[in-house]
Structure formats: structure tokens, C-alpha cells
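Only one structure is covered here, and it is reproduced in the block below.
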Amino acid sequence: MEDIYKYKLAPDLVITYVNRKPQLRIPSQHRRFEVDSKVMSVVSAFTGNPEETSHRLEKTISKNTIQAIVNKLIDVGVLISANEQKQSQTSEIVMEWAEWGESTWFVHLESRDANYKSSDEVGEEFMESSGSPPPTYKCNCEKSNITLPKPSTLSNMTISDALTLRRTYRNFLPESIKLQELSDLLYYTGGILFTNSTRFFGRVAKKVAPSPGGRHATELYPVINNCEGLERGIYHYCQKHHALHLLSKMDDVKSFLGEALYGQDYFLDASVTVFYTSVIDRIKWKYKGARIYRLMHYETAHYAQNFCNYSPR
């Protein structure tokens, strides 16, 4: 029993509860273990003063049982030697990323170096076990449908011009955006160009913005402050019909934006502000694990970049 405290808990050990049962998770190893109260008691002994904790433990658990649990925790990597803990790359990541919060290094380690399957492997599994994929768009057009003008043809600007002329502005003119300009912005950000059939994953949408697995989890919600022909308020963009659905009229859009953007007042004069949401079930249908969270952010970034790169003037 004297040697067991030469070991430390893995630096990225995370304890979660699933269906009220504790799990030990080691994201860097992509491993998780369902454990009981005895194991949890032994694990907790490595978080405080070893000598004091061991004496308390031995009153409820035999030495042999404690040693057996410790040996198992060492085998699966929950416990590692103190020297190994100091030198591990995982320890460096956890310490360096500490100020960003646990969620950052947890998702990074959980999704890094995962054992990803090939498209054929994933596809064959889906053919055997999965149902139909969820739709890749929301549509409220039966309730109301504000048809947008047909998107304009893009200019003959070269890609180098588009990249070098792009600017980020936080000051906006007090002018209304034209409905045609809004139509173009939404279409070239998240509109459906066409669809095509795939070998395993049904019919997928193709857009100007790429999407992991063609799942297109992102939805667009324009908040209209000053647009010709539209009332102020929150809208949803229907990708399928290239149309808008008014969710909520607003006399004071700026008040809503100030609260929603946590006081970042430089957006308040914008004629339109677009919020992005992700429908997680679309990605979960194909992908599993913490990787999903990262993929959602990748996709939203592509949409946002297209929105920022497009200039109607």
C-alpha cells in the first residue's frame, strides 16, 4: 500500500455521470469506464492527503480490495506515475489551456487523433442500421412565406480581388439594405445551389459553403433593422424555397441586439444581423462523439466567411 501514492491521476481525467452512474473518462485516450462507489472512493483518495485518506478508506474497504482497484486503474491509465504525469504532452495541454476552461482541452483531446472510419465503412454501417436522414433544412413556408427575389449573378471579380478587398467593419451607414441585396447575401451564405444523390447517405444539398458530410446543420436567422419592404424583426431563412418566415415583429431591434450580443453595440446600426444556429441531429445522424461539436463550429465558420466576403456594392 505504501507505493500506490507514487501514482497520480491522469491530468485529463474527467468524471461524468450517465444515467446516475459515474464514469471515468480519459479524453486523450478516447476511453471511458463505468465504475462503482468503491472505485470512486479510491479515485478520490488521490485528490487529497494520501495518508489521511487511506486511513479513512481502510475503515470501509479492505487493503486487498483497494490494491486491486489501484492496480486496475494503473492498467487502464487512470493512474500514472508522478514522473510520467510531469513529462506528458497531455499535462502540458491541460496546463497551457487552463485559462480557457476545461471544455476547450476536453473537446480537443476527445476529438484529436480519433479512430475515424472511412466513408465506405461508415456507409456500410448506415445501410445496415440507420434510418432515413433528417432533413437538411427547416421550412415554415406553410405558416408564412415572404418570397425573396431571385439571386443576382455574381460579378466577374477574381478570387484574388475578393480576398484582398475583404474588410471587417464595425461602423454602419444609416441606410436600408435592398431586398435584392438581402436575397443575395442569404443565398450565397446558406442557400441550396442543387442536390445530388450519394451512395450511402441519401440526397444531400450542395451550397456555396462546404459542410462536414454534406449534413448542413446550420440555420440562418436574419434580424432585420432596416430593409426595404420588410418589417423590423426576427426572421428565419428557408433554404429550400429561398424565402423568409417572420418569427417576431420588433419595434426596437437595437434593444434586442444589445442584449443578444452582450452589449457589443457596434452592430446596432447594421441594417441586417444574421444569427447562426446548428441542428445537431443532422450531424449526429452520421458522426458520433465529441467530434460533432468541432464540426458544427467548422461549418458555421464557413457560412460566416461567405457572408462577410459577399459585398453587394
Side-chain angles (χ1 to χ4, degrees), residues 133-155 169 172-195 203-211 214-261 264 266-283 296 299-313:
T136 55
Y137 56 82
K138 287 183 179 179
C139 177
N140 294 301
C141 291
E142 290 183 1
K143 298 178 181 178
S144 70
N145 183 319
I146 304 171
T147 303
L148 291 168
K150 183 179 179 180
S152 303
T153 302
L154 292 177
S155 68
Y169 292 101
F172 300 90
L173 298 174
E175 299 178 3
S176 63
I177 186 174
K178 296 179 180 178
L179 193 61
Q180 181 66 61
E181 294 171 341
L182 178 63
S183 170
D184 295 345
L185 270 171
L186 295 175
Y187 182 74
Y188 290 114
T189 297
I192 298 175
L193 304 179
F194 61 92
T195 62
R203 199 159 191 86
V204 298
K206 298 295 184 180
K207 303 183 180 184
V208 175
S211 168
R215 300 312 309 146
H216 289 290
T218 305
E219 292 287 334
L220 277 59
Y221 291 86
V223 178
I224 303 298
N225 181 40
N226 193 359
C227 180
E228 294 178 357
L230 291 179
E231 298 179 274
R232 289 187 176 88
I234 303 173
Y235 292 77
H236 172 255
Y237 173 59
C238 176
Q239 307 162 21
K240 180 181 180 182
H241 298 108
H242 187 55
L244 291 175
H245 169 61
L246 178 60
L247 295 174
S248 177
K249 293 182 182 180
M250 283 189 172
D251 294 328
D252 185 11
V253 171
K254 293 184 180 182
S255 177
F256 166 77
L257 290 175
E259 183 177 353
L261 298 173
Q264 299 178 81
Y266 42 81
F267 286 108
L268 301 187
D269 292 324
S271 55
V272 57
T273 303
V274 174
F275 288 81
Y276 306 89
T277 67
S278 291
V279 182
I280 193 171
D281 285 344
R282 295 179 192 167
I283 294 184
M296 288 193 300
E299 180 178 295
T300 302
H302 286 302
Y303 276 62
Q305 188 64 45
N306 281 7
F307 181 85
C308 290
N309 274 340
Y310 179 79
S311 174
R313 299 181 184 178

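We count residues from 1, following the sequence as given. Values reported hereafter were calculated over all heavy atoms of this structure, with side chains retained and with hydrogens, waters and symmetry mates removed.
- V272 is not listed as a side-chain neighbour of C227, based on a closest heavy-atom distance of 4.5 Å or more.
- Nearest heavy-atom pair across S176 and N226 is CB-OD1, 3.0 Å.
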Exercise for the section: Before giving the answer on side chain to side chain contact (heavy atoms under 4.5 Å, CB included), spell out for F307 and L220 the whole-Å C-alpha distance, their side-chain angles and the decisive distance to 0.1 Å. Expected result: CA-CA 11 Å; F307 181 85; L220 277 59; 6.0 Å; no

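- Closest non-hydrogen pair, L246 versus K249, comes out as CD2-CG, 3.5 Å.
- The two residues N145 and A243 have their closest heavy-atom pair at OD1-CB, 3.3 Å.
- Within the 4.5 Å cutoff, the side chain of V279 has no heavy atoms near those of the P134 side chain.
- Considering CG of N306 and OH of Y188, their distance stands at 11.5 Å, rounded to 0.5 Å.
- At least one donor-acceptor pair closer than 3.5 Å links the side chain of H216 to the backbone N or O of A205.
- Residue D252 qualifies as enclosed at atom CG: its count of foreign heavy atoms under 6.0 Å is above 12.
- Between E175 and S271, the shortest heavy-atom contact is O-CB, 3.8 Å.
- The closest side-chain donor-acceptor pair between H302 and S211, if any, does not fall under 3.5 angstrom.
- By the neighbour-count criterion of 12 heavy atoms within 6.0 Å, atom OH of Y137 is sparsely surrounded, having that number or fewer from other residues, nucleotides or ligands.
- Atom OG of residue S144 and atom CG of residue L247 lie 8.0 Å apart, to the nearest 0.5 angstrom.
- Residues I224 and V253 form no side-chain contact, since every pair of their non-hydrogen atoms from C-beta on lies 4.5 Å or further apart.
- Side chains of V274 and Y303 form no contact here, defined as non-hydrogen atoms less than 4.5 Å apart.
- Side-chain atoms of F275 and L257, non-hydrogen and from C-beta on, do get closer than 4.5 Å to each other.
- The two atoms that bring G190 and K207 nearest to each other are O-NZ, 3.1 Å, heavy atoms only.
- Between D269 and K254 there is a salt bridge, since a side-chain N of the basic residue sits under 4.0 Å from a carboxylate O of the acidic one.
- What you find for T218 and E299 is that their closest heavy atoms are OG1-OE2, 2.6 Å.
- Side chain of R232 to main chain of M250: no donor-acceptor pair is present (N/O by atom type, distance under 3.5 Å, no hydrogens or angles).
- For the pair N225/F256, no side-chain contact is recorded, criterion being any heavy-atom separation below 4.5 Å from C-beta on.
- The side-chain heavy atoms of K150 and H242, taken from C-beta on, include no pair separated by under 4.5 Å.
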Problem - Q239/E219 under side chain to side chain contact (heavy atoms under 4.5 Å, CB included): CA gap, chis, key distance, verdict - result: CA-CA 8 Å; Q239 307 162 21; E219 292 287 334; 3.7 Å; yes

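- Formation of a donor-acceptor pair under 3.5 Å by the S183 side chain with backbone atoms of L179 is not found in this model.
- For the atom pair CG of L182 and CG of L230, the computed distance is 6.5 Å after rounding to the nearest 0.5 Å.
- Y237 has its ring centre no less than 6.0 Å from the ring centre of H245.
- The shortest side-chain heavy-atom distance between Y187 and L193 falls under the 4.5 Å cut-off.
- Of the possible donor and acceptor atoms, none in the side chain of K206 sits under 3.5 Å from a partner among the backbone N and O of F194.
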Problem - Working for side chain to side chain contact (heavy atoms under 4.5 Å, CB included), residues L148 and L244 - result: CA-CA 7 Å; L148 291 168; L244 291 175; 3.8 Å; yes

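- Expressed to the nearest 0.5 Å, how far NE2 of H241 lies from CD1 of I192 amounts to 9.5 Å.
- Between the side chain of R282 and the main chain of R215, no donor-acceptor pair closer than 3.5 Å is present.
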